[in-house]
Amino acid sequence: MFKTLRAKLLAFFLFATFIPMMIISYITYDSQKEDIEVQMSQTMISFANSLAVILEDLIQERLTDVAMLAQNPILRNSEQPYSVIEQEIDHFVQNYNLYLGAVFVNESGIVVADVDHTVVGTDLSTREWFQETIDGGIFFSDIYLSPVVHRPMLVLSSAVRDENGEIIGVVSPSFDLGYLWLRLDNFTKQQQLLGLDGYAFLVNGQGDIIAHPNQELILNYNYLERNNLTAEQFEQSMLKRELIHSESNDMLQTFVKVANMPGFEQDWYVGISIPRENLTTPLRDLAFKYLFMFGLIFLVTLYAVFKLSAYIVQPLQRLVNATSDFAFGKRVYPLAPDAYHEVDTLTKTFNMMTRKLVEREKSHQKSTLILETTDNGIIAFNRDSLQITTFNRTCEQLFQKNKSEVLGMTITQFREKSSIFHSFIKSTRLEELLSLNDRTKQFEFPCNINGIERIYFMSISTLPKLDNEQELEDILLIFNDVTDKRQMEQELIRTEKLKVVGQLAAGFAHEIRNPLTTIRGFLQLVHQSEEISHKRKKHFDIMLKEIDRVNGIISELLNMANPKAAMVKSVVDVAELIKEKEMLYTGEAEANKITFKTIVEPLPLIFSDGQKLDQAIINLIKNSFEAMPDGGVLTIRAREFAASDVIKIDIADTGCGMSEETLDKLGTPFYTTKEMGTGLGMMTTFRIIEEMGGSLSVKSELGKGTTFTITLPLERVDVS
Ligand code: ADP
Ligand code: MG
């Protein structure tokens with residue numbers, strides 16, 4: 001999910017801003033919340049405290065009222081009639097306006113005076129207020145449900161003593177609770193004016209509500225029971241100044257105890273109750289404020305990250321796209337460095353890299369082109385795996401295999417696929433050469449390709465690994481066909497040899513000819529002499545014949561080597577020349593049972609040395625005759641090859657043919673297979689044809705016959 005740089009940036013920024021924000025916000029929110037709560041509870045407690053003080057004052061005042069009443073001399077005078085006492089306490093009730101009524105009971109608990117005249121004579125000795133004060137002292141009762149009038153009551157009582165200090169009775173006014181409740185209501189109103197939606201109420205030690213804006217609850221509702229609180233928990237919460245949450249009406253309450261004082265021993269608790277909303281609303285407002293701030297920061301961060309990531313990522317993305325385009329071989333134009341420094345550096349490097357790669361690619365293509373178009377065969381293969389890695393066009397032609405099928409094959413596999421490569425490998429003894437280390441090797445080897453013997457020049461070298469020059473990787477074979485070159489060289493050597501031999505022979509011939517002429521002259525003289533017997537004459541005949549033969553050889557030698565015998569070019573009619581030969585040799589042919597045939601197509605006149613051509617043809621005819629001692633067919637055929645501008649003259653016999661060795665040595669001076677041969681005829685013929693700018697080739701098979709072909713360049717004669 002967070003694979004892209006953009007997503008990562010986003011995650012990082014959110015993380016970096018959000019987590020600290022959350023922590024800070026949580027801490028501030030929490031402390032503010034606490035502040036609000038503390039403030040609220042303090043406000044409530046202070047309200048409760050002030051109400052408690054008001055109540056304490058009220059109680060104190062009422063206790064003083066009663067004490068004062070008990071000190072009334074009329075009440076203390078035991079001699080006074082009860083009606084006077086009644087008058088006096090009625091006067092008290094009227095005076096103060098806070099009391100509903102008052103009774104005076106004698107020391108036995110019997111009502112003797114009553115402001116309302118309703119309970120006179122009633123025995124109230126069991127009442128708590130009577131019990132509490134009959135032994136002296138003063139009493140402030142709890143609020144209780146009167147069994148007589150069936151409504152909440154609060155009475156005060158005080159013992160009354162006569163002049164002698166004897167207790168003569170108890171005076172007990174009943175307090176007007178309306179006054180107390182009014183006080184509470186006033187307080188509540190005051191509280192509401194200050195912005196607290198609550199109210200004040202009173203709870204006694206048993207948990208009963210004794211004062212409440214809703215008067216129906218008074219003495220009908222136990223606060224502790226309703227809120228599942230024990231007296232202890234209630235005490236504790238007061239000590240800790242905790243707020244009590246009343247779930248039934250969702251209000252928060254706090255209590256303060258009204259202090260006891262002499263005469264007031266009740267446990268009264270002033271309660272302040274406010275709706276929980278008063279606390280939760282500011283808290284909720286606070287939470288909203290934080291959420292709003294959070295949202296705002298989130299949006300701003302999001303926007304900033306969006307912008308920043310675009311700024312960072314876009315130039316990178318452009319580079320990534322260009323790189324992938326380049327990798328897939330698409331053309332990439334230089335990118336403009338218009339982002340920030342780092343990416344600009346990268347962009348410039350990228351531009352430089354692509355430019356260099358393109359240049360390198362071009363030079364690589366050029367090298368490949370050279371490799372493909374060269375006449376040299378080039379094969380490279382891996383040293384260890386023997387897999388072929390390079391195979392150029394010349395190789396494709398020579399081995400008749402496509403580069404695509406060969407690349408990847410090992411040379412062993414390729415050897416099985418291509419018979420030509422097989423013989424190639426065999427001829428080079430490549431296996432032995434593979435043990436070669438880094439030295440290069442060059443050599444020539446003959447190789448039979450499709451039945452034709454060719455000579456190759458081979459260079460074997462090793463190629464180092466491209467990434468590590470110390471290690472060798474490929475073996476490179478470069479070879480070319482040098483057959484033609486070698487043949488030409490051979491030819492050249494032979495020609496040179498011939499020249500030297502010719503000059504040598506000419507020298508010899510001259511030196512030998514003169515003494516030989518002298519010897520022949522004298523021999524002739526002796527031969528003609530009468531004194532010589534017939535038998536001796538025969539010997540002399542042989543001697544003269546042999547000398548003539550030597551002379552013949554010398555003539556031939558001179559003829560061949562005569563430096564003066566330069567080409568004398570004239571118009572030559574080759575067809576005519578051949579016809580002449582036919583006429584000249586018909587007789588001899590018949591005598592040797594040889595059929596002499598000539599096939600001459602219409603030929604153009606050429607410009608050449610007729611005498612020399614004549615001599616060459618005669619030499620070949622003579623050899624053919626000598627090759628057919630038992631007869632045969634001699635065919636001379638002459639044709640024009642206009643396309644290549646040559647004429648060809650075939651002299652074919654059905655004679656003995658030549659062995660490999662003879663073919664090899666043909667034209668070598670003095671090489672002959674004949675008893676009486678000179679071994680100079682072929683040499684002379686080769687030389688003549690060569691001088692004429694032509695060539696002489698031979699095909700021969702032992703026992704079947706020989707065909708010589710003279711190829712002459714066509715130097716046409718302009719007949720007009
Ligand atoms: P010579 O004829 O004196 O032997 P050449 O130079 O004319 O010398 O010939 C050399 C050799 O070439 C011959 O001895 C012969 O063995 C061989 N030769 C030449 N022409 C033919 C031919 N037409 N048929 C067979 N062998 C030939
Ligand atoms: Mg000959």
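Counting starts at 1 for both ligands and their atoms, in listed order.
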Please report the C-alpha distance between Asp614 and Lys581 in whole Å, then the side-chain angles of each, then the deciding distance to 0.1 Å, and finally whether the salt bridge (charged side-chain N to carboxylate O under 4.0 Å, His left out) criterion is met. CA-CA 9 Å; Asp614 203 49; Lys581 296 289 120 12; 2.3 Å; yes
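- Considering only non-hydrogen protein atoms, atom 23 (N) of ligand 1 sits nearest to Asp653 OD2, 2.9 Å.
- Each of the following atoms of ligand 1 lies closer than 4.0 Å to a heavy atom of Glu626: 2 (O).
- Looking at Met658 next to ligand 1, no N or O pair under 3.5 Å apart turns up.
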Using the rule given for salt bridge (charged side-chain N to carboxylate O under 4.0 Å, His left out), can you reason through Lys612 versus Glu691, listing the C-alpha separation, both sets of side-chain angles and the distance that settles it, and then say yes or no? CA-CA 9 Å; Lys612 292 219 166 175; Glu691 277 173 2; 3.2 Å; yes
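- Looking only at heavy atoms of the protein, atom 20 (N) of ligand 1 is closest to Asn623 CB, 3.1 Å.
- There is no side-chain donor-acceptor pair under 3.5 Å between Thr410 and Gln387.
- Close approach of ligand 1 to Gly677 (heavy-atom distance below 4.0 Å) involves ligand atoms 3 (O), 4 (O).
- Protein heavy atom at the shortest distance from atom 5 (P) of ligand 1 is Met682 N, 3.7 Å.
- A ring-centre distance under 6.0 Å is not found for Phe381 and Phe414.
- Contact atoms of ligand 1 toward Ser624: 23 (N) (distance under 4.0 Å to a heavy atom of the residue).
- For a threshold of 3.5 Å applied to N or O pairs, the pair formed by Gly679 and ligand 1 contains at least one separation below that value.
- Residue Thr706 touches ligand 1 through its side chain alone, judged by heavy-atom distances below 4.0 Å.
- Taking a cut-off of under 4.0 Å to the non-hydrogen atoms of Tyr671, the atoms of ligand 1 that pass are 10 (C).
- Each of Ile647, Val600, Asp650 was checked for a side chain to side chain contact (heavy atoms under 4.5 Å, CB included) with Arg639, and the lone residue meeting it is Asp650.
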CA sep, side-chain torsions, deciding dist, call: Lys665, Glu661, salt bridge (charged side-chain N to carboxylate O under 4.0 Å, His left out):
CA-CA 6 Å; Lys665 294 190 172 157; Glu661 193 201 344; 3.0 Å; yes
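- Side chains of Asp481 and Thr483: a donor-acceptor N/O pair is present below 3.5 angstrom, by distance only.
- Checking Asn623 against the Mg ion (ligand 2), an N/O/S atom falls under the 2.8 Å cut-off.
- With a 4.0 Å cut-off on non-hydrogen atoms, Leu666 touches ligand 1 through its side chain and not its backbone.
- If you number the atoms of ligand 1 from 1 as listed, the ones under 4.0 Å from a heavy atom of Ala627 come out as 22 (C), 24 (N), 25 (C).
- The protein atom (non-hydrogen) at minimum distance from atom 4 (O) of ligand 1 is Thr672 OG1, 2.5 Å.
- For Phe443 and Phe457, the ring centers are positioned 6.0 Å apart or more.
- If you check which protein heavy atom lies closest to atom 17 (C) of ligand 1, you get Thr662 CG2, 4.0 Å.
- For the side chain to side chain contact (heavy atoms under 4.5 Å, CB included) with Val698, the qualifying choice from Ile651, Leu666, Thr662 is Leu666, the only one to do so.
- When only modelled atom types and interatomic distance are considered, Lys674 and Asn623 share a side-chain donor-acceptor pair under 3.5 Å.
- Between Tyr585 and Phe625, the gap from one ring centroid to the other is short of 6.0 Å.
- Here's the thing with Thr673: one of its N/O atoms is less than 3.5 angstrom from an N/O atom of ligand 1.
- Considering both main-chain and side-chain atoms, Gly657 never comes within under 3.5 Å of ligand 1 through any nitrogen or oxygen pair.
- The proximity of Leu680 to ligand 1, defined as any non-hydrogen pair under 4.0 Å, is limited to the backbone.
- At least one N/O-N/O distance between Thr678 and ligand 1 falls below 3.5 Å.
- The closest protein non-hydrogen atom to atom 2 (O) of ligand 1 is Lys674 NZ, 2.8 Å.
- Neither side chain, Gln490 nor Arg486, offers a donor N or O lying under 3.5 Å from an acceptor on the other.
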